[in-house]
Enquirer: 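I'd like to ask you about the structure that follows.
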Amino acid sequence: MTSLRSEVRVLYRPKVEKMEKKYPLEILRHSASHIMAQAVGRIYKNVLYGIGPAIEDGFYYDFDLPRPVTIEELEQISKEMENIIKEDHPFEKIIMKKDEAIKFFREKGQIYKVELLEEIPDEEVSLYKDGEFIDLCRGPHIERTSHLKHFKLLDIAGAYWKGNEKNKMLTRIYGTAFDTKEELKKYLNFLEEAKKRDHRKTGKHLFAIFPEIGAGLVLWKPDGATLFNIIEEFWKEQHLKNGYKLVRTPHIASEEIYKISGHLQNYAELMYSSMDIEGKPYRVKPMNCPGHIMLYASELHSYRDLPLRFAELGTVYRFEKSGVLHGLLRVRGFTIDDAHIFISDEQIEDEIINVFNFTMEILKTFGFEDFKIYIATKPEKFVGDEKSWELAEESLKKAVMKKGVEFEIDEGGGAFYGPKIDVKIKDAIGRFWQCSTIQFDFNLPHRFSIFYIDSNGKKKTPYMIHRAIFGSLERFIGMLTEHYSANFPLWLSPKQIAVLSITDDCVPFAENVYKLLFEKGVRVEKDFTNTSLNKKIRENILKHIPYLAIIGKNEVKEKTVMLRDKKKNIGKFKAEELASAFLMAQEKKMKTLENLDKLRILK
RNA sequence: GCCGGUGUAGCUCAGAGGUAGAGCAGCUGAUUCGUAAUCAGCAGGUCGGGGGUUCAAAUCCCCCCGCCGGCUCCA
């Protein structure tokens, strides 16, 4: 299965080539889950059935089984499903009085179905029957079991009944189904591809996590730290250019501050326990906001100072249950590219546009082109007055509409302290990742009683925007690694070029070339080992180095280098000119070297 | 945390009661090579940890730990 089901929304929709599609995928998959449940019922004794819906890329069914299912048994279940398909049962709808249905399932001992029924408000309910299998179900279904043709069982997992960890854990079997064999195959290939790109595999040269140091705590290897630093530098430079002030706040703070911010009351479970410093309790910071607000509060502000933008690459620590940790994508210590912007009410819309543009500009530099924008509105539990909410929600919508960008409304999905814009980024194989978030906060400015002096000399509470573009550097780098399969664009590549010698005679000149590139600031490696050229090429390509400079007798004589990328020779160049091409690529954040034609000596 | 799976050399993996293995990486030597693996030799292990069964355990049983896939949660 694709990892991080909730993190990565797989929106895989293959093109329909032949128009013999009979049913919407949801119906097909939902029916497949019935057939799977039926097969499980035939193979195992005393199966209790939970629920079996269609999901984004397939279906599942939850069972309470007397013994665990092994992955090998999926094949057996699949075979039984094939039998049921061959038997060609029609799906029949049965309408029953709710009481009757309860009685029916109670007699069969199907306690989960009874529980579901008891929650249904309607008088009548529908059941679906195919062959011997009868299930409570809203429907609709495919007409006959034989209409299911292309399915695959994928995985087994535990899942709490009704998703509540206090309930019993059931056995969940995942599968998927498509209209055609080709579509199914494509999807399975997609899963394969996602597996191949797993940053924990392709990013082994970037980072490591040691149980001895602690789960969810990342150690950056030189390559990873280089990448991290390049991103950091770019981020800082862009923020300074765009009117942000860079600040820094400490990693621990007195509990007092978290009482004021409300974190201690609302977020205690994700904070690490307190430590005693001279009799006072302190905490490791889970968020950067309190520090930034204190910085705001430490000086008197005029309306002329607004918008005031504080930014910090702030490393925070949050407790996450061990089972949810996942490479760089879910960790316990991470660096938020955080900013808190203090504005007056009339600045809301402009500033949102400002932040939105800035976010898009930054993400595009990293090679992302497709996004999904969500505006999350007022949830059931909220703070602040209705008027502020309305103003903020409207400003968010207006700002996004002004940009002419499509967006979806995530009704009630806002934070309790304000509405937000979430940006999901589409990666190279079509997965969407949530990274950027632009949030309004009605809560903290009041809790900290911060204010500015307006044009009438009166104190006013500013609005606050909390935003992050990468979200967390760790997660962003994890996602980048999967997006590029660790073959990063040139400007991000921790190693940009390797100088290779063909024979030992070439080493002195090659060494000079290496030194020149190194001194100019190119991220250059050298490989003067005494092995075949073929081997050196192979090894350096496998190290994700995008360019190789090969130096043999001819190059020494001509005082040139033969440049090649991962695929083929590009041509011969003078080392000085190559250095400036690299520096220009770095400056312009380029994916590859460009304008080489002018510099090339010969092909 | 919960359910399931899994753990053998730095890495990828084989071995399923009877002397711990291979490839790559590493080291040493030979080779001096023109666009994705030159050859040979050497070294490398409390088979995740602990306990048990057995004449004998990497292998069977129990407990613990880590990792992986999900659930819940999230940047």
Side-chain angles (χ1 to χ4, degrees), chain A residues 1-7 60 62 64-65 67-73 154-174 195 198 200-201 204 209-212 214-216 267 269-270 286-288 314-316 318-338 422 433-437 439 466-476 478-479 500-507 528-542 548 550-555 562-570:
Chain A
M1 293 303 296
T2 309
S3 56
L4 278 194
R5 187 154 285 279
S6 57
E7 209 61 61
Y60 67 79
D62 286 346
D64 190 345
L65 297 169
R67 67 175 179 86
V69 181
T70 63
I71 204 93
E72 288 78 31
E73 288 174 303
L154 296 169
D155 213 353
I156 306 165
Y160 300 110
W161 170 236
K162 290 180 176 169
N164 186 335
E165 60 185 321
K166 292 195 179 93
N167 289 340
K168 184 165 183 188
M169 179 144 301
L170 308 179
T171 302
R172 174 171 296 179
I173 303 179
Y174 283 103
K195 212 174 174 184
D198 191 324
R200 290 166 303 179
K201 244 185 197 166
K204 276 196 168 156
I209 295 171
F210 302 103
E212 296 86 340
Y267 293 101
E269 64 193 35
L270 58 82
M287 289 185 180
N288 300 305
T315 303
V316 299
R318 297 183 189 170
F319 171 71
E320 299 283 356
K321 290 175 186 170
S322 58
V324 308
L325 301 171
H326 184 99
L328 293 175
L329 299 177
R330 190 79 181 270
V331 292
R332 285 181 173 159
F334 57 98
T335 305
I336 303 178
D337 65 316
D338 221 344
D422 280 336
W433 306 70
Q434 151 99 64
C435 291
S436 317
T437 181
Q439 309 185 344
H466 170 122
R467 51 108 279 205
I469 297 172
F470 304 135
S472 101
L473 266 290
E474 285 74 4
R475 180 178 286 181
F476 189 73
M479 183 199 66
L500 311 189
S501 58
I502 296 181
T503 63
D504 286 350
D505 306 344
C506 314
V507 171
F528 302 156
T529 50
N530 176 11
T531 56
S532 69
L533 178 62
N534 276 330
K535 187 168 188 179
K536 287 197 264 195
I537 289 174
R538 178 182 156 82
E539 284 186 341
N540 286 284
I541 287 176
L542 291 176
L548 303 177
I550 295 168
I551 292 169
K553 280 184 204 123
N554 299 333
E555 285 75 18
M562 176 57 96
L563 182 73
R564 69 162 278 163
D565 60 19
K566 287 182 180 169
K567 291 199 176 124
K568 55 176 193 323
N569 275 346
I570 295 170

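Just so it is clear, the values below take in all heavy atoms, side chains as well, and ignore hydrogens, waters and symmetry mates. The sequence lines fix the lettering, A, B, ..., with proteins before strands; numbering per chain opens at 1.
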Enquirer: Ignoring hydrogens and angles, does a donor from either the side chain of A:E320 or the base of B:A75 sit under 3.5 Å from an acceptor on the other?
Expert: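 Yes, the side chain and the base share a sub-3.5 Å donor-acceptor pair.
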
Enquirer: Counting the atoms with a prime plus P, OP1 and OP2 as sugar-phosphate, which does A:V331 contact under 4.0 Å by heavy atoms, base, sugar-phosphate, or nothing?
Expert: base

Enquirer: Could you give the distance separating B:U38 and B:G66 at their P atoms, to the nearest angstrom?
Expert: 42 Å

Enquirer: Compare side-chain N and O positions of A:R467 against OP1 and OP2 of B:A75 and report whether any pair is under 4.0 Å apart.
Expert: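 A:R467 to B:A75 OP1/OP2: no side-chain N or O under 4.0 Å.
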
Enquirer: By nearest atom, which of the nucleotides B:G1, B:U38, B:C33 is closest to the A:N534 side chain?
Expert: B:U38

Enquirer: Would you check if the side chain of A:K536 reaches a backbone N or O of A:T529 as a donor-acceptor pair within less than 3.5 Å?
Expert: yes

Enquirer: NA contact type, A:G552, heavy-atom cut-off 4.0 Å: base, sugar-phosphate, or nothing?
Expert: base

Enquirer: Given B:G69, is OP1 or OP2 found less than 4.0 Å from the side-chain N or O atoms of A:H326?
Expert: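 Indeed, a polar side-chain atom of A:H326 lies that close.
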
Enquirer: Can you list the steps and then say if A:E320 with A:L325 is a side-chain contact (heavy atoms from CB on, under 4.5 Å)?
Expert: CA-CA 7 Å; A:E320 299 283 356; A:L325 301 171; 3.9 Å; yes

Enquirer: So do A:L500 and A:I551 actually touch side chain to side chain, heavy atoms under 4.5 Å?
Expert: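 No; the side chains remain at least 4.5 Å from each other.
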
Enquirer: Could you please name the partner base of B:U12, counting Watson-Crick and G-U wobble pairs only when both distances are under 3.5 Å?
Expert: B:A22

Enquirer: Which part of the nucleic acid, if any, lies within contact of A:K204, taking any heavy atom under 4.0 Å across all strands shown: a base, the sugar-phosphate backbone alone, or nothing?
Expert: sugar-phosphate

Enquirer: Taking OP1 and OP2 of B:C68, is either one under 4.0 Å from a side-chain nitrogen or oxygen of A:R200?
Expert: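 Answer is yes, contact under 4.0 Å.
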
Enquirer: For A:N554, report the nucleic acid contact type (base, sugar-phosphate, nothing); a contact means any heavy atom under 4.0 Å.
Expert: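 Answer is base: heavy atoms of A:N554 come under 4.0 Å of a base.
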
Enquirer: Please state the C1' separation for the pair B:G29 and B:A43 - nearest whole angstrom.
Expert: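 Roughly 14 Å separates the two C1' atoms.
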
Enquirer: Distance check needed: B:U12 P versus A:K195 NZ, whole Å only.
Expert: 14 Å

Enquirer: If you look at every strand shown and take non-hydrogen atoms under 4.0 Å, does A:G158 touch a base, only sugar-phosphate, or nothing?
Expert: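 Base contact - A:G158 has a heavy atom under 4.0 Å of at least one base atom.
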
Enquirer: With a centroid cutoff of 5.5 Å and a plane-angle limit of 30°, would you call A:Y174 stacked on B:G70?
Expert: no

Enquirer: With a 3.5 angstrom cut-off on both distances, give the Watson-Crick or G-U wobble partner of B:C67, or none if there isn't one.
Expert: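 The answer is B:G5, by the H-bond criterion.
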
Enquirer: Is the base of B:G34 touched by the side chain of A:E555 through a donor-acceptor pair closer than 3.5 angstrom?
Expert: yes

Enquirer: For RNA chain B, whose closest nucleotide is more 5', that of A:E539 or that of A:K321?
Expert: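 The residue closer to the strand's 5' end, by nearest nucleotide, is A:K321.
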
Enquirer: Given side chains that start at C-beta, do those of A:M562 and A:N554 come closer than 4.5 Å, heavy atoms only?
Expert: no

